[in-house]
J.: 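Quick one: the structure is below, questions incoming.
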Number of protein chains: 2
Amino acid sequence: MAKITKVSPLAPAHFPVLPVIKGVSFATAAAGVKYAGRTDVMLAVLCEDTTVAGVYTRSSTRSAAVLDCQAKTGDEASGQAAIIVNSGNSNAFTGAVGIQSVQAITSAAAAALDMDANRVFTSSTGVIGERLPHDKIVSALEGLKSNLSEVNIADAAKAIMTTDTFPKGACASFDVAGKTVNIAGIAKGSGMIAPDMATMLVYIFTDAAIGQSDLQTVLDELTGPTFNSITVDSDTSTSDTLLLCATGKSGVSVGRENVQFREALRDVMLDLAHQVVKDGEGATKFVEIRVTGAQTEQDAHMHAMAIANSPLVKTAIAGEDPNWGRIVMAIGKSGAFADRDKLSIWFGDVLVAKDGWVNPDYREEDAAALMKLPEIVVRVDLGLGQSAKTVWTCDLTHGYIEINADYRS
Amino acid sequence: MAKITKVSPLAPAHFPVLPVIKGVSFATAAAGVKYAGRTDVMLAVLCEDTTVAGVYTRSSTRSAAVLDCQAKTGDEASGQAAIIVNSGNSNAFTGAVGIQSVQAITSAAAAALDMDANRVFTSSTGVIGERLPHDKIVSALEGLKSNLSEVNIADAAKAIMTTDTFPKGACASFDVAGKTVNIAGIAKGSGMIAPDMATMLVYIFTDAAIGQSDLQTVLDELTGPTFNSITVDSDTSTSDTLLLCATGKSGVSVGRENVQFREALRDVMLDLAHQVVKDGEGATKFVEIRVTGAQTEQDAHMHAMAIANSPLVKTAIAGEDPNWGRIVMAIGKSGAFADRDKLSIWFGDVLVAKDGWVNPDYREEDAAALMKLPEIVVRVDLGLGQSAKTVWTCDLTHGYIEINADYRS
């Protein structure tokens, strides 16, 4: 892993105070998988009747742990469950030995926790292609079990970090007939971020009562506008996993159409997704790309992602340069439909270009001032239809090169 | 434009000695379009009976000059022709004013050279979105006309440079029944390189006699494995243009099936394409990506381009790090079919991984030594079929960030 030199300038002021989610307890350990002097394993144990939904990377080279989680998701309607995650080694592209490591960890955890191995979900994140020393994780299980606590979620967020410069957490809650439903989530992710169906490692817990199939449906629908709408470097992880667990301990039952639950869950997912971008390797700017006026949502998404992934756009933003010509270039190459002479482009609320050329009233000093802010909005209206999409990214700086080229991983 | 600080470490030792192509003459001028103290306009004038073929960017935001060239290509079977190119301003995304600039230049050149404006092709390269001061180019026409010479092609290669750190030229020749056919070409390109149907600015001249439709057919077929198989930064220019002109002055007639002509032309195109990669912004390594064993050529191309465009692969190469896990990652995200457990990966002739895991005989010091060379071959065998593709790219370094972020364009 790259050397972590400092905290992202876009980091939140502090880790949020997350509510206790009844029915979930957490523990962490320093198992020495790769890193020294820090925790690198986290265990979450979930009570009876918990439902678990998951979305995963679509990478064709995804890891043994991802394949194992996929096979288990939805297999049981509900029950006790556990999640065990290590950082420092992704156990990806490790062949048959990788599968053995997953089996060793899940069967040992199932025995220690007295539950079915089919309910033990594992993730691994870190270097690709090295044998996972799973015995170190298995040896840590007894200590983890004895330290389980409902209030340890902040420690869990720290234990799963790799090149992250800050731990990521988010929460939301809502009331139904005097009862409160809480949702709390944690995430890791910094580079290799261009999720495709899922993202990074994300674990979200709620005490809502909701059936597995409804939980999966809501998760699938909310992944598109949240985690699948961010990118740091257009590279997709082999380990992307998002697990969403509902314990039912609030006593509030919700279904797939419940608006309060969907909105609260969406808030948590979007908050975590934004934190991942804000911890993008080398990031100094958080950038929102809004594309409106497209003929289809797919066109809007393709244009927005072409802008968000363009190295020339991202370096211009790093240089605080309102180089709108590069926005035009990215739209042109996206593969989605655009009419050059109907394009309008804004930086923040400054209209830079319209009708296929620079706005005659545009003054570069107005846009240049906006570019100095840490959060930048780029808006493009295609002038063709009613569809819109928003994605989020960061700038491309010397820091990204330093993290990924100057140090050996 | 970015500040040009030094010549690429991958530059050829010197500009090649290019043969005179009978029927073509060149002139250059310092018109002051944007740059001071250097030439920035080049004129090529082609004799009667010249056929002209072209391929162009498919960007939906392509420039007025590209649209004008596209409309003219193939419109006349043969005849006198002229090419006029300026650097410093791309006249892209300049609306109706951009069209007026193209018309002003082509009609003035047609009058000065006594030819049909439909046979005057123009290109512009440089900053996007600024009004082209076409009067400066028009004013330079008389001087250009009086300086035309068959031996000025090296000067022409210099006049079209923008962020290029060296001028690019290539040639090939072959004999038919005691007569020699010559091909000579020049190119510019450094950043915004991920051609889609064409590339950058490229002008190739031959004294072969070949009909316009045959010339276009051969050009279309050879663009795929040459210019459309390179990438610097995955960004596609709004101005990409390749014009291929055949004067017939060698007295040798060739058709679309002529193997000697195709091979010679392919050599010139591939040589120029490689030079563009070697002048990639900030490049310190020239990288060949060979993908074999794919089920289809499209799959092989998608995998090769995913590797070539991955920021994490490119920064690892910059850091001389044989980080094969990132190659696995890029294959996984490419969208093309792969079976993780059938993958083999080589750096140069060092087998790094096979059958879905690291080669048991792999010693990292062997691969690490290869990574220190200026030219690196990455080979991936998918183990699935017989299709193969090769593409070329460069590494991603601090130099790219410096050129595109640290200086205002």
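Predicted model only: the values in this text are computed from it and were never measured. Here is how names work: the chains are called A, B, and so on, in the same order as the sequence lines, proteins then strands, and each is numbered from 1.
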J.: Measure distances from Ala353(B) to the heavy atoms of chain A and classify the residue's part below 4.5 Å as side chain, backbone, both or neither.
T.: side chain
J.: Between Ala330(A) and chain B, which part of the residue has a heavy atom less than 4.5 Å away: side chain, backbone, both or neither?
T.: neither
J.: Pick from Val97(A), Asp355(A), Asn309(A): which one has the most heavy-atom pairs with chain B under 4.5 Å?
T.: Val97(A)
J.: Look up atom CD1 in Ile128(B) and atom CG in Asn323(A), then write down how far apart they are to the nearest 0.5 Å.
T.: 7.5 Å
J.: With rounding to the nearest 0.5 angstrom, report the OG to CG distance, Ser310(B) to Asp233(A).
T.: 7.5 Å
J.: Give, for atom CG of Leu396(A) and atom OH of Tyr400(B), the distance between the pair rounded to the nearest 0.5 Å.
T.: 7.5 Å
J.: If you count heavy-atom pairs within less than 4.5 Å of chain B, which of Ala306(A), Gly332(A), Gly335(A) leads?
T.: Gly332(A)
J.: If you measure from CZ on Phe93(B) to CD1 on Ile345(A), what distance do you get to the nearest 0.5 Å?
T.: 4.5 Å
J.: Nearest 0.5 Å, please: how far is OG1 in Thr315(A) from CD in Glu402(B)?
T.: 12.0 Å
J.: Between Arg62(A) and chain B, which part of the residue has a heavy atom less than 4.5 Å away: side chain, backbone, both or neither?
T.: backbone
J.: What distance do Asp235(A) atom CG and Met329(B) atom CE have between them, rounded to the nearest 0.5 Å?
T.: 3.5 Å
J.: Among Gly356(B), Gly325(B), Ala96(B), single out the residue with the greatest number of heavy-atom pairs under 4.5 Å to chain A.
T.: Gly356(B)
J.: Contact part of Leu67(B) toward chain A, heavy-atom cut-off under 4.5 Å: side chain, backbone, both or neither?
T.: side chain
J.: Looking at Ser60(B), Ser334(B), Ala336(B), Ser90(B), which one has more heavy-atom pairs under 4.5 Å with chain A than the rest?
T.: Ser60(B)
J.: Determine the minimum heavy-atom distance between Ala64(B) and Arg340(A), stating which atoms define it.
T.: N-NH1, 3.9 Å
J.: Go through Asp341(A), Asp395(A), Leu343(A) and name the one with the most non-hydrogen pairs under 4.5 angstrom from chain B.
T.: Leu343(A)
J.: Heavy-atom pairs under 4.5 Å with chain A are the metric here; pick the option from Val358(B), Ile317(B), Thr397(B) that has the most.
T.: Thr397(B)
